[in-house]
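These notes are about the structure you will find just below.
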Amino acid sequence: MERFILTEKEQQVFKLCSALLNKEHGIMNFEEIVDDIGLSRTTINYAILKLRDILNLVVGEEGYSLYKTTDKVYLELNQSISFQILKNAYIADSFFLHFFQEVYHERFSNLMKETEAKFMSYETGKKELVKCREYLQHFSLQLCTKKKASKMISGEEKQIRFMFFCMVLSQFQCKYIDFFETENSQLNLFLDSVLEEFPYIFQSSNLKIKIFYRIVLDRIKKGHLLPDDIVFPNHFECPVLPLTVFTQKVELLFLDIDLTAQQKNREIDFLYFLFCTLIYQPANTLGPTNCQTKECQLFIDTIEKVGGMTLTAIEKRFICYAHKQCIVWHQMFHVSFCFRHLMTEQERFIEKKSEYIFLWHRMVDRLQETPVYRELFLQHPNMPFFLQRILNSVFFSREIPCKVFLLCYSAITQSMAMENLKNRQLMIQIDFVNTLKEADIVISELELPYRETMPDFICFVNSPFDYRDWKNIENMIIKWRISR
């Protein structure tokens, strides 16, 4: 979404900001900036000036240190704030979000009035509307500026709701009230009661439900209902909350809304669909399931064959559940661009666990050889990212037995290191052995004797282990796991 709001130069400035904040001491030389970000030496000065303007706006002049030497740039924030929060705070003042907020609340009257409110020219406002129109097209929606605000966005109602959900979740997150402007106490009470009943529901799932439910209820109150011919995917009931019980609980939200019985049932079905697909269900809370879809079986077979893994019954049960969630979500909603946060998530995996990402790409290539997944990936560019999250959950939660030979100068140091290894949550079940021949992995502070056969997985460390040592150990464990 950010690419529809930020200019190309602004995107480069934020890329520079992100790169600086991710450096250990906030320092980059000009060569790194030219190679990694694509800025030329002549535009670095402009980027620094623009970054200073952004930081002044978001954190204030006293909230950061930014300066340039003859060949380096340095940035340090004086407060704990993430890069995404920094960027969202800047974007919050954009015409793009202002326009959609006015349309959502059905206050938009004419472009001249809105450009004056944002202190911009009418011509600039027309250019901004082009961005808004392009954004809507990715959701198969159209912008009709000559119609009144309630009908300015045309297309399927479910897609309009989904579009606003994506916007509020990505740009406002926990500050969603800034977009909605008022609280819905009735909705808050309903969701609080659900959380009390199901305490394992993550706050991230609760946030998504709260935002999407608020959009649904606001749209209903304004008379924007789902059509009679809407088709729901063949989704399953939530394992812990049947539709009948959910209906009894959620009917309270419709007490002051005038709907026919058929309209209300349709909207309740939609809310229940969101509950089933947005709530992350931990594997240990799932009951037996009978997965008969060929897509899911293909996914499981690919994980086992390409990944060299033997999945347990509990893991297969979780994969079937999460895979069904993913499929029916993409059957209900569609968007033709990749969400930036999903791409960023994968980029971080590439940086930290490149071997695992290589394995995942092999799995995707294998899946794309089948017609069913080739078509799904073509229609839904975000689906591979969601499927990767399923694999992440399985892959990084397994404790695989691993025989480790640890060699240090001091017996006391070795004892401490063994205890630390046990407590590092490295996703392996560590069994310490006393000979190199038995070991899967060797971690040594000393040179190994020449007469011994060198193992495939060995990591030489300092004593005591420092940050770099732990990272090297983690990377070696990932390589070992992938090789199995």
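Bear in mind that the values here come from a model prediction, so they are computed numbers and not experimental data. Reckoned from all heavy atoms, side chains included, excluding hydrogens, waters and symmetry mates.
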If you look at every heavy atom in Pro233 and Met332, which pair is closest and at what distance?
CD-CE, 3.6 Å
Within the structure provided, determine whether Val364 and Phe377 are in side-chain contact (heavy-atom separation under 4.5 Å).
yes
Criterion side-chain contact (heavy atoms from CB on, under 4.5 Å) on Leu55 and Leu77, from CA distance to verdict:
CA-CA 9 Å; Leu55 292 171; Leu77 298 180; 4.0 Å; yes
Would you mind writing out the side-chain donor-acceptor pairs for residues 241-259 within the sub-3.5 Å range, not counting sequence neighbours?
residue : atom : partner : partner atom : Å
Thr247  : OG1  : Leu243  : O            : 2.8
Lys249  : NZ   : Glu197  : OE1          : 2.7

Any donor-acceptor pair under 3.5 Å from His334 side chain to His330 backbone:
no
Within the distance-only criterion (no hydrogens, no angle test), does the side chain of Ser205 pair as donor or acceptor with the backbone N or O of Leu278 below 3.5 angstrom?
yes
I'd like to know whether CD of Glu8 has more than 12 heavy-atom contacts from other residues, nucleotides or ligands below 6.0 angstrom.
no
Examine distances only and state if a side-chain atom of Thr115 and a backbone atom of Leu111 form a donor-acceptor pair shorter than 3.5 Å.
yes
Pairwise side-chain contact, Asp269 with Leu226, heavy-atom cut-off 4.5 Å (strictly under):
no
Check whether any side-chain N or O of Gln11 sits under 3.5 Å from a backbone N or O of Leu6 as a donor-acceptor pair, and report yes or no.
yes
Could you tell me whether Glu123 and Lys126 make a salt bridge, using a distance below 4.0 angstrom between a side-chain N and a carboxylate O?
yes
May I ask you to check whether Arg266 and Thr260 show a side-chain donor-acceptor distance below 3.5 Å?
no
Approximate separation, where rounding is to 0.5 Å, of Glu116 CD and Asn110 CG
8.0 Å
Before giving the answer on side-chain contact (heavy atoms from CB on, under 4.5 Å), spell out for Lys208 and Phe165 the whole-Å C-alpha distance, their side-chain angles and the decisive distance to 0.1 Å.
CA-CA 8 Å; Lys208 292 170 187 174; Phe165 167 72; 4.1 Å; yes
Is Ser18 reaching over with its side chain to a backbone N or O of Lys15, donor-acceptor style, under 3.5 angstrom?
no
Interatomic distance, CZ@Phe457 vs SG@Cys402, rounded to 0.5 Å, equals 9.5 Å
Value for NZ (Lys324) from CH2 (Trp329), rounded to nearest 0.5 Å, stands at 16.0 Å
Carefully, step by step, assess Ile153 and Met163 under the rule side-chain contact (heavy atoms from CB on, under 4.5 Å).
CA-CA 11 Å; Ile153 299 175; Met163 180 274 297; 3.8 Å; yes
Look at Glu267 together with Lys264 and state whether they make a salt bridge at an N to O cut-off of under 4.0 Å.
no
Expected list for residues 92-99: side-chain donor-acceptor pairs under 3.5 angstrom, two or more places apart:
residue : atom : partner : partner atom : Å
Asp93   : OD1  : Lys118  : NZ           : 3.3
Ser94   : OG   : Ile91   : O            : 2.8
Ser94   : OG   : Leu97   : N            : 3.4
His98   : NE2  : Glu114  : OE1          : 2.8

Atom CG of Leu391 and atom CZ of Phe386: how far apart are they, to the nearest 0.5 Å?
15.5 Å
Can you find a pair of side-chain heavy atoms, one from Ser154 and one from Leu141, that are under 4.5 Å apart?
no
Heavy-atom nearest pair, Ser170 first then Cys166, reads OG-O, 2.8 Å
Main-chain N/O of Tyr46 paired to Thr43 side chain as donor or acceptor, under 3.5 Å
no
I'd like to know if Lys222 and Glu106 make a salt bridge, using a cut-off of under 4.0 Å between side-chain N and carboxylate O.
no
Contact check, side chains of Phe162 and Gln159, non-hydrogen atoms, under 4.5 Å
yes
Hey, are Asn184 and Tyr213 close enough side-chain-wise for a donor-acceptor pair under 3.5 Å?
no
Trace of the side-chain contact (heavy atoms from CB on, under 4.5 Å) decision for Arg219 with Glu157:
CA-CA 9 Å; Arg219 295 286 296 175; Glu157 175 60 23; 2.9 Å; yes
Heavy atoms, side chains only, cut-off 4.5 Å: are Tyr373 and Leu387 in contact?
yes
Are Tyr135 and Leu143 side-chain neighbours, meaning at least one heavy-atom pair lies under 4.5 Å?
no
Which atom pair, heavy atoms only, marks the closest approach of Ile215 to Tyr104?
CA-OH, 3.5 Å
Output for pair (Glu102 CD, Arg107 CZ), nearest 0.5 Å, gives 4.0 Å
Do Glu375 and Gln379 meet the criterion of a side-chain donor-acceptor pair at a distance under 3.5 Å?
yes
Just how far is it from atom SG of Cys17 to atom CD of Gln12, taken to the nearest 0.5 Å?
14.0 Å
Taking the inter-plane angle between the rings of Phe164 and Phe100 on a 0 to 90° scale, is it parallel (under 30°), tilted (30 to 60°) or perpendicular (over 60°)?
perpendicular
Can you classify the ring geometry of Phe333 versus Phe212 as parallel (below 30°), tilted (30 to 60°) or perpendicular (above 60°)?
tilted
Can you confirm whether the side chains of Glu10 and Tyr90 place a donor and an acceptor under 3.5 Å from each other?
yes
For Thr182 and Arg214, run side chain to side chain donor-acceptor pair (under 3.5 Å): C-alpha distance rounded to whole Å, both residues' side-chain angles, the deciding distance at 0.1 Å, then the answer.
CA-CA 11 Å; Thr182 59; Arg214 176 62 189 269; 3.0 Å; yes
Should Arg133 and Glu128 count as an ion pair when the cut-off is N to O under 4.0 Å?
no
Nearest non-hydrogen partners of Val216 and Arg161, listed with the distance
CG1-NH1, 3.7 Å
Which heavy atom of Phe180 sits nearest a heavy atom of Ile211, and at what distance?
CZ-O, 3.9 Å
Shortest non-hydrogen pair, Ile37 vs Ala19, comes out as CD1-CB, 4.1 Å
Within the structure provided, determine whether Leu57 and Asp53 are in side-chain contact (heavy-atom separation under 4.5 Å).
no
Ignoring hydrogens and geometry, is there a side-chain-to-backbone donor-acceptor pair from Glu304 to Leu311 under 3.5 Å?
yes
Flag side-chain contact, heavy atom, 4.5 Å: Ile220 against His224:
no
